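Small disclaimer: the values here were computed from a predicted structure and weren't measured. Just so you know, residue 1 is the first one in the sequence shown, and it goes up from there. All heavy atoms count here, side chains included; hydrogens, waters and symmetry mates do not.
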Amino acid sequence: MPPPKEMDFVLASLPLRIGTYVPDDLLEDWFAPGTGMNPPAQAALAEAASYGRQFECEFKHYPERKEGVFWKWVPAI
């Protein structure tokens, strides 16, 4: 199942320095179903990063928190 369309809106509207947190089970369901989520498969993490780039977002996975984070890149001042 792909990310819900509402997630597209969230990432497109995300202000700078604000993150959207997605738990591991949803990362696996959305980006690489059936690959396992403990930890999420590299395919799921790579696909999540690619998805985030479509909305000019960075993505990082935090295994200790069992979640991934999307956020808008902050340009250097």
Side-chain angles (χ1 to χ4, degrees):
M1 120 175 110
K5 289 295 176 190
E6 292 85 357
M7 190 65 174
D8 293 357
F9 177 77
V10 167
L11 293 186
S13 307
L14 202 60
L16 295 177
R17 301 177 59 210
I18 302 296
T20 297
Y21 301 79
V22 180
D24 283 356
D25 62 323
L26 289 179
L27 289 174
E28 191 264 334
D29 285 348
W30 291 353
F31 300 113
T35 60
M37 62 156 241
N38 196 13
Q42 283 303 112
L45 300 179
E47 190 60 32
S50 176
Y51 173 73
R53 284 192 297 275
Q54 294 176 43
F55 302 95
E56 299 178 342
C57 289
E58 300 285 330
F59 173 79
K60 183 171 181 181
H61 181 251
Y62 293 91
E64 68 280 2
R65 295 183 345 209
K66 297 185 183 217
E67 65 187 4
V69 180
F70 294 95
W71 74 96
K72 292 285 186 181
W73 178 73
V74 179
I77 297 176

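- Side-chain heavy atoms closer than 4.5 Å link hydrophobic residues (I, L, V, M, F, W, Y) into clusters, and following such links, possibly through other members, connects Met7 to Phe59.
- For CZ of Phe9, the number of neighbouring non-hydrogen atoms (other residues, nucleotides, ligands) closer than 6.0 Å is 12 at most.
- One N or O on the side chain of Glu28 and one on the backbone of Gly34 form a donor-acceptor pair closer than 3.5 Å.
- To the nearest 0.5 Å, atom CG of residue Leu45 and atom NE2 of residue His61 are 5.5 Å apart.
- By the criterion of side-chain heavy atoms lying less than 4.5 angstrom apart, applied directly or through intervening Ile, Leu, Val, Met, Phe, Trp or Tyr residues, Trp30 is grouped together with Phe55 in one hydrophobic cluster.
- Heavy-atom contacts from other residues, nucleotides or ligands closer than 6.0 Å to CD of Gln42 number 12 or fewer.
- Here the straight-line distance linking atom CH2 of Trp73 with atom SG of Cys57 works out to 13.0 Å at 0.5 Å rounding.
- To the nearest 0.5 Å, the span separating CG on Asp24 from CD on Glu67 amounts to 8.0 Å.
- Aromatic ring orientation, Phe70 versus Tyr51: perpendicular (interplanar angle above 60°, classes split at 30° and 60°).
- Cluster annotation: Ile18 and Val69 are assigned to distinct hydrophobic clusters (Ile/Leu/Val/Met/Phe/Trp/Tyr, side-chain heavy-atom contacts under 4.5 Å, transitive).
- Looking only at side-chain heavy atoms (C-beta outward), Thr20 and Trp71 stay at 4.5 Å or farther from each other.
- Summarising the geometry, atom CD belonging to Glu56 is positioned 11.5 Å from atom CG belonging to Leu11; distances are rounded to the nearest 0.5 Å.
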